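Quick caveat: nothing in here was measured; it's all calculated off a predicted structure.
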Amino acid sequence: MSHSGKNATNISQLGFHNLSIHDDSFSCEANKPDFRELDLGSPVSPLRTRASGLNTTTTTTTTSSSSSSSGSVSGQTRLNPVTKRSESSPNSHSGELSGSTETSPTAPTRNFKPGHNRSDSGSSHHPSIYSGHHHQSSVNSPPLNVLPTGNICPSGRISKTGMGLMSNRSTRTDTLGSGSGHYGHGSIMRGGSSSSSSSSVNVGGAAGSPSRSLAAAFPENAQANKSWGGDAEEVKRLGNELYRKGCFGEALSMYDRAIALVPGNAAYKANRAAALTCLGKVVEAVKECEEAVRLDPNYWRAHRRLATLLLRLGQVEKARRHLCLPGQQPDPAELQKLQAVEKHLTKCTDSRKAGDWKSTLREADAAIAAGADFSPQLFMCRVEAHLKLHQLEDAESSLSNVPKLELSTISCSQTRFFGVLAEAYPFFVQAQIDMALGRFENAVTAAEKAGQIDPRNVEVAVLLKNVRLVARARVRGNDLFKSERFTEACSVYGEGLRFDPSNSVLYGNRAACWFKLGLWERSIEDCNQALSIQPNHTKALRRRAASNSKLERWEDAVRDFEVLRREFPDDNEVAESLFHAQVALKKSRGEEVYNMKFGGEVEEVSGFEQFKAAVSLPGIAVVHFKAASDSQCKQISPFVDTLCGRYPSINFLKVDIDESPEVANAENVRIVPTFKIYKNGSRVKELVIPSRDMLEHSVRHYSL
C-alpha cells in the first residue's frame with residue numbers, strides 16, 4: 001500500500017485468501033471448518049475515493065495495486081459494483097467466510113443476523129479491528145467488494161467501525177503500531193502513538209517467540225508469527241489455514257485458543273468439530289456440534305455437520321432431525337445417504353429378529369458401506385452374526401475392527417439398536433463371544449454391564465441369567481472332574497449346555513469325561529459337536545483322535561493326528577501318537593512295517609550295498625548327501641536331525657561323498673548339500689542346496 005509505510009505487509013502474503021470452504025461428509029478434505037464472517041460494520045476499501053459528505057451513492061473504484069483487496073471477505077476481487085447490503089436478515093457468525101454464492105458477481109445481497117449489525121462510528125471511541133457491538137448504522141452500506149473494517153487505509157490510519165464513508169466523526173485518530181506490525185498483528189494505538197512489539201501475545205507459544213506449530217505451518221511468515229495478537233477471530237483464521245494444510249492437531253489447538261477467548265461462539269465450536277472429525281475423534285466432534293447448535297439453534301451448517309456425524313454413528317432418526325430442518329432444503333446427497341443407511345438398517349433388524357443370520361450379516365455390511373462406517377453397534381452386529389453362524393475366527397477378527405467409542409457422554413447413547421440401548425448392545429454381544437471362547441468370568445462381567453445400562457430389556461436379562469448359570473456349571477463340572485467324579489461332571493456340564501446349546505467348551509469338557517469313563521463313542525459325538533461350532537478346538541481334536549485309536553479306527557485317528565502334527569510340529573507326544581497310528585494302519589492293511597522304532601536317529605551310510613538296501617525298503621527314505629568340510633552342509637545338518645524327530649515314519653539317511661565316493665558316483669552327486677527322496681526304492685524327488693522351508697515342504701508332502 002503506497003501510503004501505509006514501509007512496514008506494511010500485503011495481506012495476501014499471510015495466506016488469508018480464497019477461504020471459502022464447503023462442508024461435505026466423511027473425508028477430511030471435504031469436512032471443512034466454517035468460515036463464518038463477522039459483521040464488521042461498513043467495510044471500507046483502502047483505495048476508495050474519499051467522499052466530502054455522507055453521500056450514499058458513492059461508487060467503488062477498483063485498482064490492481066499489490067496491496068488491494070486480496071484479503072477481502074470472499075477472497076476474490078469483484079470487478080463490478082454490487083447492491084447494498086440489507087440491514088436485517090438471518091444469522092451470520094463472527095469469522096465465517098461467505099459461501100460460494102457470494103463469490104459470484106451476480107450473487108444476491110447478503111443477510112445478517114439481528115444483533116450483528118454494523119456499529120456506528122460515533123458510538124464508541126475504543127479502537128478495534130472489528131466491532132461486536134449491536135448498533136444501527138445511520139447510513140446505508142457501501143458495496144461488498146471491499147475489505148472488512150480495520151483495513152489499513154491510504155492515510156496510514158485504521159478505519160474504525162462505521163467509517164464506511166470516511167466521515168470525520170471522531171476527533172482522535174487511531175494508527176497501526178510501528179515496528180514489526182502487520183495487518184492483524186500489531187497493536188492499534190491512540191493518537192498515532194506506536195506500540196512496542198514486546199507486548200504482543202503469541203498464539204500457542206510464549207510471548208516474544210513464535211510457536212513451533214505456527215513456524216512449521218507458515219515458514220515464510222515466521223517474523224509475522226512473533227507479533228500475532230490474542231484476537232479470537234485472527235486465531236480462528238490461523239486455525240483455518242492450518243486446517244487447509246492438513247495440520248489438524250495444530251488447527252485444533254488454534255480453535256481451542258479462539259474458544260478460550262470467546263467461549264460462546266458457535267462457529268468456533270463447529271470448526272473444532274471439523275478438526276476433531278479429521279483426527280478420528282467422532283464422539284468429541286458430535287459433542288462440539290451439539291454445543292454449537294445449543295449456542296445457536298439456527299446455525300444450519302452446524303446442524304448439517306451434526307447430521308453427518310450422527311449418520312456415521314448409525315443414528316438415523318437423530319441425523320434426520322438435524323438434516324431436515326424447517327425452512328431449509330436438505331442436501332440431496334446427504335439425504336440419499338441417510339435413506340440408504342435407513343433401508344439396510346431396517347432389513348438388518350428384521351433379519352436378526354427372524355434369526356436369519358446370513359441376511360443380518362449382509363445387511364449390516366451394506367449399512368456400513370452406505371455411510372454408517374463408525375457405528376459400534378453395526379460392527380458388533382457383524383460379530384454376533386458370525387458367532388451365530390459358528391464362525392468364531394471371523395467373529396474374533398471382526399471384533400478387532402469395532403470402533404472404540406465412549407457413547408455415554410453424548411445424547412445418542414439413548415438410541416436403541418435391535419431393541420437394545422446403543423451403549424448396552426456392544427456389551428451384550430461381547431458377553432456372547434466371551435462365553436463361546438470359554439472366557440466365562442469376562443462374559444459375566446460384560447453381561448452385567450449390559451444389564452446395568454438397559455435393565456428393562458428382556459433379551460439382556462435372559463442373557464445375563466444364562467451366562468451366570470453356564471459359568472456356574474462350568475466351575476462345578478471342573479471341580480467334579482478334578483475329583484474324578486466323571487459321571488457327575490457329565491451331568492453338570494449337560495445342565496450348562498441346556499442354557500447355552502452352542503458352547504463348544506462345555507462339549508469338549510464333557511467329551512473328556514466320556515473318554516475317562518471308556519464311553520469313546522459318546523466322546524467322539526461331543527467332540528464332533530465342539531468342532532462343528534469351533535473348528536480350531538484342538539483339545540476336542542486330540543480327544544477325538546485318541547477315542548478313534550481306542551476304537552481302532554486307525555484311518556480316522558491318523559487323519560486327526562496328522563492335522564495336529566501340522567498344528568504342533570514340535571509336540572513329541574503328537575508325533576509319537578501319529579507314528580503308532582500309522583504303523584497300526586499299515587498292519588491293518590496287511591502291509592509289512594520295517595521301521596518299528598519311533599524317533600530314530602539319522603542313519604549314516606558307508607557303502608553302496610547298505611545304501612541300496614536302505615532306500616529299497618517300503619516307505620519313504622530321505623538321503624542327505626554331504627561333505628564334512630562344506631559350510632552349508634554344516635548349517636543344514638542340525639535341521640535334518642530335527643526333521644527326523646518331527647517325521648518319525650520316514651527313514652533319514654546321510655552319505656558323506658568324500659568317504660563314500662562310490663555312492664556319490666552311482667547317484668551322480670556333484671554338488672552338496674543334495675537331498676534325494678525315495679519311495680519304495682524309486683527316486684521321486686531331488687533337491688540341490690534347498691532352503692529349510694523347501695526341504696520340509698517336500699518331506700511333509702511325501703510323509704502324508
Counting only heavy atoms not in F417, do more than 12 fall under 6.0 Å of its CZ?
yes
For the residue pair L309 and V282, what are the closest heavy atoms and their distance?
CD2-CG1, 4.1 Å
Heavy-atom donor-acceptor pair, E696 side chain to R692 backbone, under 3.5 Å:
no
Modelled atom types, side-chain donor and acceptor of N509 and R474, under 3.5 Å
no
Minimum heavy-atom distance between L378 and A367, given as atom pair plus value
CD1-CB, 3.8 Å
For residues T415 and E317, determine if any side-chain heavy atom of one lies less than 4.5 Å from a side-chain heavy atom of the other.
no
May I ask you to decide if Q529's main-chain N or O and S532's side chain share a donor-acceptor pair within less than 3.5 Å?
yes
With a 3.5 Å distance limit and no angle check, can you tell me whether S491 reaches the backbone of T487 through a side-chain donor-acceptor pair?
no
Using side chain to side chain contact (heavy atoms under 4.5 Å, CB included) as the criterion, point out the one residue from I620, V623, I650 that pairs with I677.
I620
Any donor-acceptor pair under 3.5 Å linking the side-chain atoms of Q430 with those of K449?
no
Let me see the working for R476 and E495 under side chain to side chain contact (heavy atoms under 4.5 Å, CB included), right down to the final yes or no.
CA-CA 11 Å; R476 288 179 56 210; E495 289 177 11; 3.9 Å; yes
Whether over 12 other heavy atoms sit under 6.0 Å from L389 CG
yes
Sidechain-backbone polar pair: S616 side chain, A613 backbone, donor-acceptor under 3.5 Å:
no
Y493 side chain vs G477 backbone, donor-acceptor pair below 3.5 Å
yes
Point-to-point distance, once rounded to the nearest 0.5 Å, from CZ of R510 to SG of C527:
11.0 Å
Tell me, with the steps shown, if Q632 and K626 meet side-chain hydrogen bond (donor to acceptor under 3.5 Å, both in side chains).
CA-CA 9 Å; Q632 289 181 306; K626 67 186 188 69; over 6 Å; no
Do N651 and V622 come close enough that some side-chain heavy atom pair is under 4.5 Å?
no
For the CZ atom of F561 and the CH2 atom of W554, what is their distance to the nearest 0.5 Å?
8.5 Å
So how far is it from Q391 CD to S398 OG, rounded to the nearest 0.5 Å?
9.0 Å
Between I636 and H624, is any pair of side-chain heavy atoms under 4.5 Å apart?
yes
Can R542 be said to sit on top of F568's aromatic six-ring, NZ or CZ under 6.0 Å from centre and within 45° of the ring axis?
yes
Counting distance only, does the side-chain N/O of S375 pair as donor-acceptor with the main-chain N or O of A372 below 3.5 Å?
no
Would you call N466 and D500 a side-chain contact if the rule is heavy atoms closer than 4.5 Å?
no
Can you find a heavy atom in the side chain of F481 that is under 4.5 Å from one in the side chain of C513?
yes
Sidechain-backbone polar pair: S691 side chain, M694 backbone, donor-acceptor under 3.5 Å:
yes
Does a salt bridge link K676 with E667, judged by any charged N lying under 4.0 Å from a carboxylate O?
yes
We want to know whether N457 and Y425 form a side-chain donor-acceptor pair, criterion being a heavy-atom distance below 3.5 angstrom.
no
If you apply the rule side chain to side chain contact (heavy atoms under 4.5 Å, CB included), what do you find for K550 with F515, and how did you get there?
CA-CA 10 Å; K550 292 291 186 179; F515 185 87; 4.0 Å; yes
Which heavy atom of G280 sits nearest to which heavy atom of F374, and what is that distance?
O-CZ, 3.8 Å
Testing the basics here: between A436 and V505, what is the closest heavy-atom pair and its distance to 0.1 Å?
O-CG2, 4.1 Å
As a quick check of understanding, evaluate side chain to side chain contact (heavy atoms under 4.5 Å, CB included) for K358 and D356, giving each step before the final call.
CA-CA 6 Å; K358 288 185 178 179; D356 183 357; 4.1 Å; yes
If you define the side chain from C-beta out and look only at heavy atoms, does anything of H390 sit under 4.5 Å from Q534?
no
Answer yes or no: is there a donor N or O on one side and an acceptor on the other, between the side chain of Y507 and the main chain of N528, under 3.5 Å?
no
Side-chain (S523) to main-chain (L519) donor-acceptor, under 3.5 angstrom
no
Could you check if a side-chain atom of C348 sits within less than 4.5 angstrom of a side-chain atom of C381, using non-hydrogen atoms only?
yes
Pair D571-L564, side chain to side chain contact (heavy atoms under 4.5 Å, CB included): steps then yes or no:
CA-CA 9 Å; D571 190 319; L564 290 166; over 6 Å; no
Quick one: do R352 and E363 make a salt bridge, cutoff under 4.0 Å?
no
Nearest 0.5 Å, please: how far is CD in E384 from CD in Q432?
4.5 Å
When the ring centroid of F625 is compared with that of F675, is the distance short of 6.0 Å?
no
So that I can tick it off, tell me whether D556 and R559 are bridged by a salt bridge, with the cut-off set at under 4.0 angstrom between side-chain N and carboxylate O.
yes
Heavy-atom closest pair, residues A511 and D526:
CB-CB, 3.7 Å
Basic-acidic side-chain contact under 4.0 Å: D454, R416:
yes
R468 with E441: basic N within carboxylate O range, under 4.0 Å
no
Please check this pair: side chain of Q377 against backbone of A422, looking for a donor-acceptor N/O pair closer than 3.5 Å.
yes
Considering all heavy atoms of both residues, which atom of V470 and which atom of G496 are nearest to each other, and what is their separation?
CG2-O, 3.5 Å
Could you state the interatomic distance from CG (D560) to CD (E562), rounded to the nearest 0.5 Å?
9.5 Å
Given side chains that start at C-beta, do those of N665 and R670 come closer than 4.5 Å, heavy atoms only?
yes
